[in-house]
Amino acid sequence: MSMPHVRTLACTLCGAEYDPEQVVYTCPEHDGLAGILEVVYDYDVIAESFDVDLDGNIRSQWKYEAFLPVDEEAEVVSLGEGGTDLFDAPNLSESLGVDVLVKDDGRNPTGCFKDRASSIAVTKARHAGRDVITCASTGNAAASLAGYSARGGLDCRIFVPGEAPPEKLAQPLVYGADVLAVEGTYDEAYDLCVEVTESYGWYNRNAAINPFQVEGKRTVGHELAEQTRREVPDWVVFSMGDGCTIAGAWKGFREFHELGYVEEVPRMLGVQAEGAAAIHDAFHDHADADAVAETVADSIAVGRPRNTVKACRALEESDGTSVLVSDEEILDAEARLGRTEGIYAEPAGAAPVAGVERALAEGVIEPDETVVVAVTGFGLKDSESARAAAGDATSIAPDIEAVRSRYEPDETGGTRV
Ligand SMILES: *Cc1c(COP(=O)(O)O)cnc(C)c1O
Ligand SMILES: [Zn+2]
């Protein structure tokens with residue numbers, strides 16, 4: 001095994017260091033899983049092998065392979081993840097009253113940005129000769145891991161809350177995974193998955209405890225840095241569940257800044273649902289809230305986030321902040337994104353749009369600033385929420401008169417349906 005560019009795994013709480021070649025998930029010096037590890041790189045080694053060609057042409061996240069914690073010899077398991085478009089969004093900008101661009105990460109191979117991390121998980125697990133891989137998920141990480149496991153020939157066993165949207169249970173089944181629908185919440189599914197990992201020694205992909213998974217999520221930050229190099233936005237907005245994504249995105253952008261590839265960094269805005277607000281509460285020093293998670297945005301319905309420390313650090317270091325949005329605002333944002341720009345997001349993917357609106361209202365974002373919203377998941381993942389956002393189809397008789405009465409109510413004397 002050889003990862004000369006990975007220096008060490010450092011505990012985010014006590015600084016203790018661990019050998020990156022061993023499978024360690026968290027620092028044993030702390031209760032439970034609190035001792036999250038951070039991958040520390042040797043940037044001199046990275047800079048030597050990275051071909052700095054930041055022309056905005058990004059075929060996949062493996063353009064940044066020099067930054068990724070995989071063995072040089074490993075055979076990459078890929079479905080073409082990353083390299084997603086950064087769209088201008090004139091209609092949405094007008095509707096919101098601020099200049100926004102949309103990073104459309106819902107267009108990854110399984111419909112979610114988590115493919116960036118799954119590709120690395122399966123590549124690493126296979127290279128290490130592991131044949132069973134597992135994770136707990138609100139739905140998308142499971143579907144993603146299942147797809148990449150199929151691609152890489154691994155046996156995938158996943159734990160999801162039984163109440164996940166049916167599409168999110170069907171997708172990993174099609175990919176051939178063992179889908180264990182836990183009769184309980186995501187938090188309970190997570191605890192069970194960790195216990196199983198400990199008893200059976202399966203490879204655990206969970207981003208919050210497997211220190212390498214956040215590292216894949218950095219590539220969305222690398223891409224944003226490359227795509228906005230000429231005009232870095234004032235804000236980059238992500239929704240937050242466990243908090244790994246915003247932490248990874250920030251780390252990626254920051255690395256490119258520290259290496260001098262981009263002159264500025266954005267401020268990070270994290271968005272949570274009012275019913276699942278633990279990171280927001282921690283960041284704003286609110287009293288310990290209950291570990292409840294009630295929101296239509298199932299992908300961020302996390303009562304006890306596993307990566308609060310890294311997420312808050314990303315907000316702090318970038319001089320950013322967080323806001324909360326209601327379910328109604330999230331569904332409104334989903335419809336608005338679809339109507340204005342033809343971009344179909346699941347609720348958690350649309351939440352950043354609602355977050356921008358909230359941040360403008362609260363004076364956090366100024367109308368003359370520029371904003372990138374990250375759409376993290378595709379709308380077909382959850383059609384029930386989509387119908388709640390956009391309403392139902394109009395039923396009509398198979399008859400031209402029915403059409404006429406809808407579009408020419410005056411001439412026919414009919415009523416509008
Ligand atoms: C997982 C997920 C998130 C949240 O990511 P965290 O790393 O848990 O903060 C946001 N949006 C979508 C669509 C997701 O699947
Ligand atoms: Zn420690």
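One-based numbering, in listed order, for ligands and for the atoms of each.
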- Task: Give the single entry among N140, I246, D105, T245 that approaches atom 7 (O) of ligand 1 most closely by any heavy atom.
- Result: T245
- Message: Rounded at 0.5 Å granularity, tell me how far CZ in R205 sits from OG in S118.
- Response: 4.0 Å
- Looking at S239, which atoms of ligand 1 are within less than 4.0 Å of one of its heavy atoms? 10 (C), 11 (N)
- So is K381 in contact with ligand 1, going by heavy-atom distances below 4.0 Å? no
- Y203 ring centre to K124 NZ or CZ under 6.0 Å, with the angle to the axis within 45°? no
- Message: Does ligand 1 come near enough to C244 that some N or O of the ligand is less than 3.5 Å from an N or O of the residue?
- Response: yes
- Enumerate the atoms of ligand 1 whose separation from the nearest heavy atom of T376 is less than 4.0 angstrom. 10 (C), 11 (N), 12 (C), 13 (C)
- Item | Chi angles and distances behind the side chain to side chain donor-acceptor pair (under 3.5 Å) call for Y43, E255 | CA-CA 9 Å; Y43 288 102; E255 287 173 323; 2.5 Å; yes
- Message: Under 6.0 Å between ring centres: does that hold for Y186 and F159?
- Response: no
- Which ligand 1 atoms does G241 reach within 4.0 Å, using its non-hydrogen atoms? 4 (C), 6 (P), 8 (O), 9 (O)
- Message: I want to know if ligand 1 touches E346 in the polar sense, i.e. an N/O pair below 3.5 angstrom.
- Response: no
- Polar atom proximity, I300 to ligand 1 (N or O, under 3.5 Å): no
- Item | Sole residue of E357, E341, E329 in side-chain hydrogen bond (donor to acceptor under 3.5 Å, both in side chains) with R336 | E357
- Task: Compute both the distance and the angle, then confirm whether R157 meets the cation-pi test with W202: under 6.0 Å from the six-membered ring centre, within 45 degrees of the axis.
- Result: yes
- Query: Crowded around E163 CD? As in, over 12 foreign heavy atoms under 6.0 Å?
  - Reply: no
- Note on the structure: Here the atoms of ligand 1 under 4.0 Å from any heavy atom belonging to K114 are 1 (C), 2 (C), 3 (C), 14 (C), 15 (O)
- Query: Do the ring planes of F256 and Y261 sit parallel (below 30°), tilted (30 to 60°) or perpendicular (above 60°)?
  - Reply: perpendicular
- Message: Out of all atoms in ligand 1, which are within 4.0 Å of some heavy atom of K217? Include the element for each.
- Response: 7 (O)
- Does F113 have a heavy atom less than 4.0 Å from any atom of ligand 1? yes
- is_close_aromatic(F67, Y41), centroid dist under 6.0 Å: no
- Note on the structure: When rounded to the nearest 0.5 Å, the distance separating OG1 of T12 from CG of L9 is 11.5 Å
- Item | For M240, atoms of ligand 1 separated by under 4.0 Å from a heavy atom | 9 (O)
- Does NZ or CZ of R306 lie under 6.0 Å from the centre of the six-membered ring of Y190, at an angle within 45° of the ring axis? yes
- Query: What atoms of ligand 1 come closer than 4.0 angstrom to any heavy atom of C112?
  - Reply: 15 (O)
- Residue pairs meeting side chain to side chain donor-acceptor pair (under 3.5 Å), one or both in residues 164-177, sequence neighbours left out, come to E167-S383, K168-D298, K168-S299, K168-E346, Q171-Y175, Q171-K381
- The side-chain hydrogen bond (donor to acceptor under 3.5 Å, both in side chains) partner of E223 among K63, R116, Q61 is R116
- Number of protein N/O/S atoms that sit closer than 2.8 Å to the Zn ion (ligand 2): 4
- Got an N/O contact under 3.5 Å between G377 and ligand 1? no
- Item | Distance filter under 4.0 Å to D242 heavy atoms, resulting ligand 1 atoms | 6 (P), 8 (O), 9 (O)
